[in-house]
Amino acid sequence: MLKRMYVDNFRTLVNFEQRFGKFVLLVGENGTGKSTAFDILLCLKRCLVFQETLRDVFPVGDLTQWMTNPLQTFELDIVGNAGEYRYRLLVEHDRQRRLIRVKEESLHFNKEPLFIFKDGIVALYRDDFSTGPEFPMDWGRSGLAMVVKGRDNSRLCWFRQWFSRLEIVRPNPMEMLQVSERESEKLLPSLANLPDWLRHAAVDNTRLIQRLNDALREVLPGFDLISFQSHGEARILHVEFRTTGGGLSRIGFQQLSDGQRMLIGLHAIWAAIGDHAPTLCLDEPDNFVALKEIQPLLFHLHEMTETGTCQVIMISHHPRILNHMEDEIWLFRREGDPPAHTRSFPVSRDAEGLSLADLVEAGWLME
């Protein structure tokens, strides 16, 4: 579970710290840094899991504009594997030469070192924290991402596996394709490659597809199942609905409404995290759908956080979502050029009996 994030010198986040619980809602006006917090997690995943270079992940344009400091700092505290991890990455920019490098990268478990990368040299530590080998590493990318799995670094590998299972999702039904050219194990944040992912799951994880079909029958009137039609090497995604006469009507995925595609994408995520995702970051899942359509999904996600299956961090602009939250709500704020900051949001009704949604719609809690 993601417990804490610290960021300095990344867009509007300067000396920024945020703590997270099991089920968290981030609220606030546009431009206050909510989605930026998710962007940081995605950037770190690109470094640690996909082994992308710092030049590709952290462009100079993401430095805070009003600062001259060439260093960006990122820290994450992760609880899991019977302990607590702290990951720290310092990225150094040379604006004149347009160079970027790892100034320092480290991973600790219960305050004991597992990995330190500094001045181009990696120092490894074994699971019992005894000193391991040292070797030079390309400081244009994460050194932690390049460490080879071994018999005595299971703690380090657990942390990388946590990142590989982290899901950051910004579903956009207008980008979701209908034709699958190939199978894919990973969903893009926009869910644009949903057919590729479903095609893979249909072969590799039939239980997931069954769970998805069962969930969609509850929220999409007349829904029966998802199916594919062969078109050469490609596959075309269709959705089958029951007609009033008891027959079946097959509709192409692109012929569905934006809201229907959104619900299918969101429930695909829900079906997937039942198997693997420790932390799910959802950016405005209430777009394109009515609140009553998404309520069952929110209930299921909340239930999963209560049972310890996963952690959910969600961004929403819908004030009525607040009334259904029983856990943490954080308000992101920013006035003019100064950096973003957050404060805890009340979760109970005020003395006059007004709900949180009423107070937000009146503008009283955003000021």
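Below, all heavy atoms of this structure are taken into account, side chains as well, without hydrogens, waters or symmetry copies. No experiment lies behind these values; they were computed from the predicted model shown.
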> side-chain hydrogen bond (donor to acceptor under 3.5 Å, both in side chains): which pairs involve residues 133-142, sequence neighbours left out?
Replying inline: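 side-chain hydrogen bond (donor to acceptor under 3.5 Å, both in side chains) check on residues 133-142 returns Glu105-Ser142.
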>> Checking Leu282 against Ile313 for the side chain to side chain contact (heavy atoms under 4.5 Å, CB included) test, could you report, in this order, the C-alpha distance in whole Å, the side-chain angles of both residues, the deciding distance, and whether it holds?
In response: CA-CA 6 Å; Leu282 273 175; Ile313 305 171; over 6 Å; no
Examine [X] and [Y] and state if one hydrophobic cluster contains both, with Ile, Leu, Val, Met, Phe, Trp and Tyr joined whenever side-chain heavy atoms are less than 4.5 Å apart.
X	Y	answer
Ile251	Met262	yes
Leu256	Phe228	yes
Leu144	Val148	no
Ile40	Leu42	yes
Leu90	Leu41	no

> With distance as the sole criterion, is a donor-acceptor pair present between the side chains of Ser190 and Asn172 under 3.5 Å?
Replying inline: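 On atom types as modelled, these side chains do not qualify, holding no pair under 3.5 Å.
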> Do Tyr87 and Asp77 get their side chains close enough for a donor-acceptor pair, meaning under 3.5 Å?
Replying inline: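 Tyr87 vs Asp77: no donor-acceptor pair found between side chains.
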> When the ring planes of His267 and Trp270 are compared, do they come out parallel, tilted or perpendicular, using 30° and 60° as the limits?
Replying inline: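 Because their plane-to-plane angle is over 60°, the rings of His267 and Trp270 count as perpendicular.
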> Phe223 vs Phe241 aromatic rings, parallel, tilted or perpendicular, using cut-offs 30° and 60°?
Replying inline: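 Taking Phe241 first and then Phe223, their aromatic rings stand perpendicular (interplane angle over 60°).
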Residue pair [X] / [Y], side-chain heavy-atom distance below 4.5 Å:
X	Y	value
Thr12	Thr32	no
Pro171	Leu266	yes
Met137	Val102	no
Phe109	Leu156	no
Leu220	Ile264	yes
Pro113	His108	yes
Ile226	Leu216	yes
Val7	Glu75	no

Checking the side chain of [X] only, and the main-chain atoms of [Y] only, is there a donor and an acceptor separated by less than 3.5 Å?
X	Y	value
Gln254	Met176	yes
Arg160	Val147	yes
Asn69	Leu71	yes
Lys34	Glu29	yes
Asp224	Arg217	no
Glu104	Lys118	no
Asp8	Asn15	yes
Asp127	Arg155	yes
His238	Ile236	yes
Asp283	Val169	no

Give the minimum heavy-atom separation between [X] and [Y], together with the two atoms involved.
X	Y	value
Arg19	Glu17	NH2-OE2, 4.1 Å
Gly21	Val24	N-CG2, 3.3 Å
Leu212	Ala268	CD1-N, 3.5 Å
Pro70	Asn9	C-ND2, 4.5 Å
Pro136	Ile121	CA-CD1, 3.9 Å
Arg4	Arg86	NH1-NH2, 3.2 Å

> With sequence neighbours left out, what residues match Thr68 under side-chain contact (heavy atoms from CB on, under 4.5 Å)?
Replying inline: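 Thr68: no side-chain contact (heavy atoms from CB on, under 4.5 Å) contacts found.
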> In chain order, what residues pass the side-chain contact (heavy atoms from CB on, under 4.5 Å) check against Met1, with sequence neighbours excluded?
Replying inline: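 If we apply the side-chain contact (heavy atoms from CB on, under 4.5 Å) test to Met1, skipping adjacent residues, the hits are Lys22, Gln311.
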> Is the shortest distance from a Lys or Arg side-chain nitrogen in Arg211 or Asp214 to a carboxylate oxygen in the other one below 4.0 Å?
Replying inline: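 No.
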> Knowing that exactly one of Trp162, Phe163, Trp158, Phe115 qualifies, which makes a ring-ring contact (aromatic ring centres under 6.0 Å, His included) with Tyr85?
Replying inline: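 Single ring-ring contact (aromatic ring centres under 6.0 Å, His included) partner of Tyr85 among Trp162, Phe163, Trp158, Phe115: Trp158.
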>> Please evaluate residues Arg199 and Asp196 with respect to the criterion salt bridge (Lys or Arg N to Asp or Glu O under 4.0 Å), reporting the C-alpha separation (whole Å), side-chain torsions for both, the decisive distance (0.1 Å), and the verdict.
In response: CA-CA 5 Å; Arg199 180 178 172 182; Asp196 295 339; 5.5 Å; no
> Please walk me through it: do Leu124 and Phe135 pass side chain to side chain contact (heavy atoms under 4.5 Å, CB included)?
Replying inline: CA-CA 9 Å; Leu124 290 180; Phe135 48 87; 3.7 Å; yes
> For Arg182, does the CZ atom have more than 12 heavy-atom neighbours from other residues, nucleotides or ligands under 6.0 Å away?
Replying inline: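 Not buried by this count: 12 neighbours or fewer within 6.0 Å.
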Please tabulate, for side-chain N and O atoms in residues 49-58, each donor-acceptor pair with protein atoms closer than 3.5 Å (sequence neighbours left out).
residue, atom, partner, partner atom, Å
Gln51, NE2, Ala145, O, 3.3
Glu52, OE1, Arg46, NE, 3.1
Glu52, OE1, Arg46, NH2, 2.8
Glu52, OE2, Arg46, NE, 3.2
Thr53, OG1, Asp56, N, 3.3
Thr53, OG1, Asp56, OD2, 3.1
Arg55, NH1, Arg98, O, 3.3
Arg55, NH2, Arg98, O, 3.2

> Rounded to the nearest 0.5 Å, how far does OG of Ser35 lie from CG of Leu26?
Replying inline: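 It is 9.0 Å, given to the nearest 0.5 Å.
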>> Show, in sequence, the C-alpha distance, side-chain angles and deciding distance for Glu284 and Arg170, and conclude whether the salt bridge (Lys or Arg N to Asp or Glu O under 4.0 Å) test is met.
In response: CA-CA 7 Å; Glu284 299 190 46; Arg170 296 187 171 105; over 6 Å; no
> What's the verdict on ring-ring contact (aromatic ring centres under 6.0 Å, His included) for Trp330 and Phe20, showing C-alpha distance, side-chain angles and the deciding distance?
Replying inline: CA-CA 9 Å; Trp330 289 91; Phe20 302 94; 8.3 Å; no
>> Set out, in order, the CA-CA distance, both residues' side-chain angles and the distance that settles side chain to side chain contact (heavy atoms under 4.5 Å, CB included) for Phe10 and Leu63, then state yes or no.
In response: CA-CA 5 Å; Phe10 187 86; Leu63 290 167; over 6 Å; no
>> Listing request: all salt bridge (charged side-chain N to carboxylate O under 4.0 Å, His left out) pairs with a residue in residues 244-257, at least two apart in sequence or in separate chains.
In response: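 Every pair satisfying salt bridge (charged side-chain N to carboxylate O under 4.0 Å, His left out) with a residue in residues 244-257: Glu240-Arg250.
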> Transitive ILVMFWY cluster of Tyr125 at side-chain heavy atoms under 4.5 Å: who else is in it?
Replying inline: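 Reading the cluster by chain and number, Tyr125 sits alongside Ile116.
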> When you look at Asp94 and Arg97, which way does the salt bridge (Lys or Arg N to Asp or Glu O under 4.0 Å) test go after all the steps?
Replying inline: CA-CA 6 Å; Asp94 186 329; Arg97 295 189 294 169; 2.9 Å; yes
> Of the options Leu114, Leu48, Leu89, Leu76, which is the one that meets Leu107 in a side chain to side chain contact (heavy atoms under 4.5 Å, CB included)?
Replying inline: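 Testing each of Leu114, Leu48, Leu89, Leu76 against Leu107, the sole residue satisfying side chain to side chain contact (heavy atoms under 4.5 Å, CB included) is Leu114.
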